[in-house]
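Just so you know, residue 1 is the first one in the sequence shown, and it goes up from there. Keep in mind that what you see is a predicted model, and the values were worked out from it rather than measured. Keep in mind that the numbers below use all heavy atoms, side chains included, and drop hydrogens, waters and symmetry copies. Counting convention: from 1, in listed order, for ligands and their atoms alike.
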Amino acid sequence: MSKSQERSTSSAISTPNKAGDDLHNVSDTFYTSQRKGSHVFRVRLDATGFTLQRESPSGVIIKEQTVKICDIVGARCMRMKKSPRNLGRCACVNPGTPAGAANRKGGTPSKCSPASKEETGCDVGDGSAYLYLFAYVLKKKSLRSSLHRERTVLTLRFRSFDTFEDNMREADRWYRALRWQLHQTLEDIFVERTGEARRRRVLVLLNPKSGSGNAREVFNMHVAPVLNEAEVPYDLYATKHSNYAIEFMSTRRLDDWCTIIAVGGDGLFHEIVNGLLRRADWAQVLDNIALAIIPCGSGNGLARSIAHGFNEPYFSNPVLGAALTAISGRSSPMDAVRVELQNRVMFSFLSIGWGLISDVDIESECIRMFGYQRFTIWTLYRLANLRTYNGKISYLLADETQEPQSMLLPQSEQLRKMQSSRSCNVHIDKLSTASCHRSSEYLPQEFEDVISLETSINQSFRSRCDSWLSGGSRRSCYYSISESVYHSLADESEFADLSAAAATGLEQNQHNFGPSSILPSLNEPLPEAAGWLVEEGEFIMMHAVYQSHLGVDCHFAPKAQLNDGKIFLVLIRGGISRPHLLSFLYNMSTGTHLPEKNNEYVKVLQVRAFRLEPHDNHGIITVDGEQIEFGPLQAEILPGISRVMVPK
Ligand SMILES: Nc1ncnc2c1ncn2[C@@H]1O[C@H](COP(=O)(O)OP(=O)(O)OP(=O)(O)O)[C@@H](O)[C@H]1O
């Protein structure tokens with residue numbers, strides 16, 4: 001991470017004070033009961049995480065492990081039902097509530113929050129209270145394999161006291177201490193700090209048509225469970241047509257949300273950015289909202305770039321990694337590019353293309369049924385029928401030694417007040433019922449013997465089984481957050497009146513807010529004295545990129561960072577040999593396609609701004625992978641204008 005990124009993220013994290021530390025560092029002695037005998041563990045929770053120290057009978061520490069605080073997403077206090085048939089469910093459900101009724105019918109269990117711990121009607125097994133801790137730790141299956149995140153559930157069983165209420169009070173003390181520690185890791189904009197520190201709401205915008213059309217299932221199966229474990233309240237909207245996200249972002253009151261999560265592709269994210277920048281209050285909104293993406297599209301360049309920039313494993317489970325990133329509580333400034341076309345202005349976060357790559361991107365739509373292979377097939381076709389384009393490209397070089405830019409916008413001191421809860425349990429319960437995680441969730445080897453700990457040794461072995469089956473089961477259920485709202489089910493009528501005509505009108509709406517330009521307007525000449533340089537002639541392509549990846553396996557600009565204030569302008573001249581071009585295209589997947597030094601045919605320029613003036617009157621130009629009207633354009637970098645969520 002760049003220095004300025006470090007500054008901007010760390011400065012926002014509150015410094016824990018000493019008194020708070022003491023109050024929220026909890027520790028106790030736990031035991032495991034196994035056939036081989038009992039083990040004693042000292043368990044401590046502090047700012048570093050959960051530390052488990054195994055003691056020998058003589059009181060010497062013989063093994064120590066820590067589940068790092070950055071890997072923990074949340075916890076639950078629960079009371080188990082005794083019947084094995086019902087294992088995995090929380091018994092603390094008020095039979096009068098819908099959740100209670102659902103539970104009796106075998107529906108989704110309800111969480112047993114501290115507030116609900118006094119509820120009656122439980123099928124009482126014993127007086128134990130359980131604390132389940134959910135973490136996603138970085139693991140390697142073998143020395144050769146790459147790192148991946150594995151879900152780990154640590155179970156602490158509290159049974160020192162005679163009554164369930166007393167044990168639950170103790171479990172609750174640990175739960176609150178953990179929540180406090182987790183909140184210390186969040187930047188200010190994500191926390192409502194009045195009264196009890198609570199996480200602010202998140203807006204989820206989902207494109208059901210992204211990629212192969214399974215974004216809804218991906219969200220239900222893999223994202224909602226993580227949001228629920230982390231107790232992040234959210235509102236979910238499904239887009240209904242093209243431009244829906246632009247309309248939503250440009251017209252809605254957004255004060256309630258601290259994060260916007262796009263569940264879709266880069267096209268959806270592009271709409272979100274453009275909708276936000278059409279607002280009159282864009283500067284204030286961008287200061288108070290961070291953006292995140294769950295990759296469900298066909299390209300997914302941004303999700304891949306964020307993971308790459310922060311060494312987060314991607315390929316093992318892109319959706320899980322992105323979901324954890326979306327709730328990490330840590331954000332980074334991100335550059336955007338202002339693009340001026342002949343009749344309108346738009347904003348871009350990924351790329352602007354003209355020529356070969358854009359041709360392949362758009363023309364291969366007709367063979368979409370081949371999936372990702374369509375790009376390879378069409379690239380070979382285009383190589384056999386190579387086109388050149390005539391034009392002029394003017395550019396302003398960036399200072400190659402410059403430090404990544406700091407945020408333009410000051411971070412808001414004001415925390416926004418959350419609206420009162422708009423609970424919609426019926427809908428979220430529908431969602432959660434579908435949220436049974438079926439992936440293999442093996443507990444990591446080193447935690448196997450300490451995964452279930454209890455505060456009293458004088459108990460039977462069965463307690464350990466209970467804990468395993470309920471919390472660490474491969475078929476764990478997830479618990480709905482009463483505050484979360486699933487609008488696509490709850491409120492199908494919203495935006496129903498936004499007709500296609502209105503959407504088209506939006507496209508043509510020329511009235512843009514957002515930052516103004518420092519360049520001369522597109523129809524004025526560029527001032528030579530200001531340092532503009534020119535490339536003119538026959539080109540195979542021009543591709544301007546400001547993220548490291550254009551797609552999951554297209555490492556197009558290896559040096560690009562989220563917030564470096566630079567556009568990487570790649571030019572390929574006509575006259576390049578086919579083998580040279582083929583090698584360029586082939587090596588894009590590994591990021592080894594760019595020459596160390598610019599040569600006659602391939603140039604990589606780090607620029608602040610550029611102007612493209614095609615001399616032909618036809619061709620394909622893309623912005624963030626979407627085709628736009630053909631014609632001249634100019635682009636300039638807006639350093640660190642937005643915020644994106646990044647891994648902890
Ligand atoms: N409900 C919808 N029906 C049809 N189109 C939609 C809908 N919602 C959004 N869109 C449009 O779909 C376009 C592409 O969506 P998105 O980027 O999510 O997926 P993708 O194209 O498969 O992925 P990528 O952009 O990464 O290649 C967006 O530009 C948006 O205008």
Side-chain angles (χ1 to χ4, degrees), residues 203-219 223 236-250 260-276 278 291-307 314 318-319 322 339 346-353 357-358 360-375 378 487-489 491-496 498-500 502-509 545 547-554 556 620 622-629 644:
L203 167 65
V204 180
L205 213 56
L206 179 151
N207 178 1
K209 298 282 156 61
S210 293
S212 46
N214 63 350
R216 211 184 274 269
E217 290 70 38
V218 166
F219 180 80
V223 184
L236 187 145
Y237 289 82
T239 60
K240 296 189 171 64
H241 49 74
S242 188
N243 284 329
Y244 181 95
I246 295 189
E247 169 74 1
F248 192 106
M249 292 302 150
S250 58
I260 300 168
I261 304 179
V263 183
D266 292 325
L268 177 66
F269 197 87
H270 172 89
E271 284 195 6
I272 291 174
V273 169
N274 277 274
L276 291 172
R278 275 185 197 194
L291 308 177
I293 185 159
I294 307 292
C296 293
S298 41
N300 303 319
L302 179 61
R304 179 76 187 96
S305 299
I306 294 173
Y314 185 85
V319 169
V339 187
M346 67 194 306
F347 296 89
S348 160
F349 67 95
L350 184 66
S351 65
I352 300 170
I357 293 181
S358 300
V360 170
D361 209 358
I362 301 302
E363 290 173 350
S364 66
E365 280 285 340
C366 62
I367 52 163
R368 219 174 215 279
M369 61 282 210
F370 289 102
Y372 206 77
Q373 290 307 319
R374 73 178 162 118
F375 297 117
W378 210 264
H487 284 272
S488 56
L489 293 175
D491 194 2
E492 282 293 343
S493 66
E494 271 195 83
F495 276 82
L498 182 72
S499 61
T504 315
L506 251 180
E507 186 65 48
Q508 286 161 359
N509 177 10
V545 176
Q547 304 290 351
S548 61
H549 288 72
L550 282 180
V552 169
D553 57 5
C554 182
F556 196 81
I620 292 176
T622 53
V623 172
D624 297 344
E626 306 289 327
Q627 186 171 10
I628 57 154
E629 56 269 36
V644 280

request  = Decide yes or no on side chain to side chain donor-acceptor pair (under 3.5 Å) for Arg374 and Ser364, but give the supporting numbers first.
outcome  = CA-CA 6 Å; Arg374 73 178 162 118; Ser364 66; 3.1 Å; yes
Does the [X] side chain pair with the main chain of [Y], one donor and one acceptor, at a distance under 3.5 Å?
{"X": "Glu271", "Y": "Ala245", "answer": "yes"}
{"X": "Asp266", "Y": "Gly301", "answer": "yes"}
{"X": "Asp624", "Y": "Ser351", "answer": "yes"}
{"X": "Gln547", "Y": "Ser305", "answer": "no"}

message = Under a 3.5 Å cutoff, is there a donor and acceptor pairing between the side chains of Asn274 and His270?
response =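 Present: a donor and an acceptor within the cut-off.
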Distance dump, ligand 1 polar atoms to protein, N/O, under 3.5 Å:
residue  : atom   : partner : partner atom : Å
ligand 1 : 1 (N)  : Thr239  : O            : 3.0
ligand 1 : 1 (N)  : Lys240  : O            : 3.4
ligand 1 : 1 (N)  : His241  : N            : 3.4
ligand 1 : 8 (N)  : Asn207  : OD1          : 3.1
ligand 1 : 8 (N)  : Thr239  : OG1          : 2.7
ligand 1 : 12 (O) : Asn207  : ND2          : 3.4
ligand 1 : 15 (O) : Asn207  : ND2          : 3.0
ligand 1 : 17 (O) : Gly267  : N            : 2.7
ligand 1 : 17 (O) : Leu268  : N            : 3.1
ligand 1 : 18 (O) : Asn207  : ND2          : 3.0
ligand 1 : 18 (O) : Ser210  : OG           : 2.6
ligand 1 : 18 (O) : Gly265  : N            : 2.8
ligand 1 : 22 (O) : Gly211  : N            : 2.7
ligand 1 : 22 (O) : Ser298  : N            : 3.3
ligand 1 : 22 (O) : Ser298  : OG           : 3.3
ligand 1 : 23 (O) : Ser298  : N            : 3.0
ligand 1 : 25 (O) : Asp266  : N            : 3.2
ligand 1 : 25 (O) : Gly267  : N            : 3.0
ligand 1 : 26 (O) : Asp266  : N            : 3.0
ligand 1 : 26 (O) : Gly299  : N            : 3.0
ligand 1 : 26 (O) : Asn300  : N            : 3.3
ligand 1 : 27 (O) : Ser298  : OG           : 2.8
ligand 1 : 27 (O) : Gly299  : N            : 3.3
ligand 1 : 31 (O) : Ser242  : OG           : 2.9
ligand 1 : 31 (O) : Glu271  : OE2          : 2.4

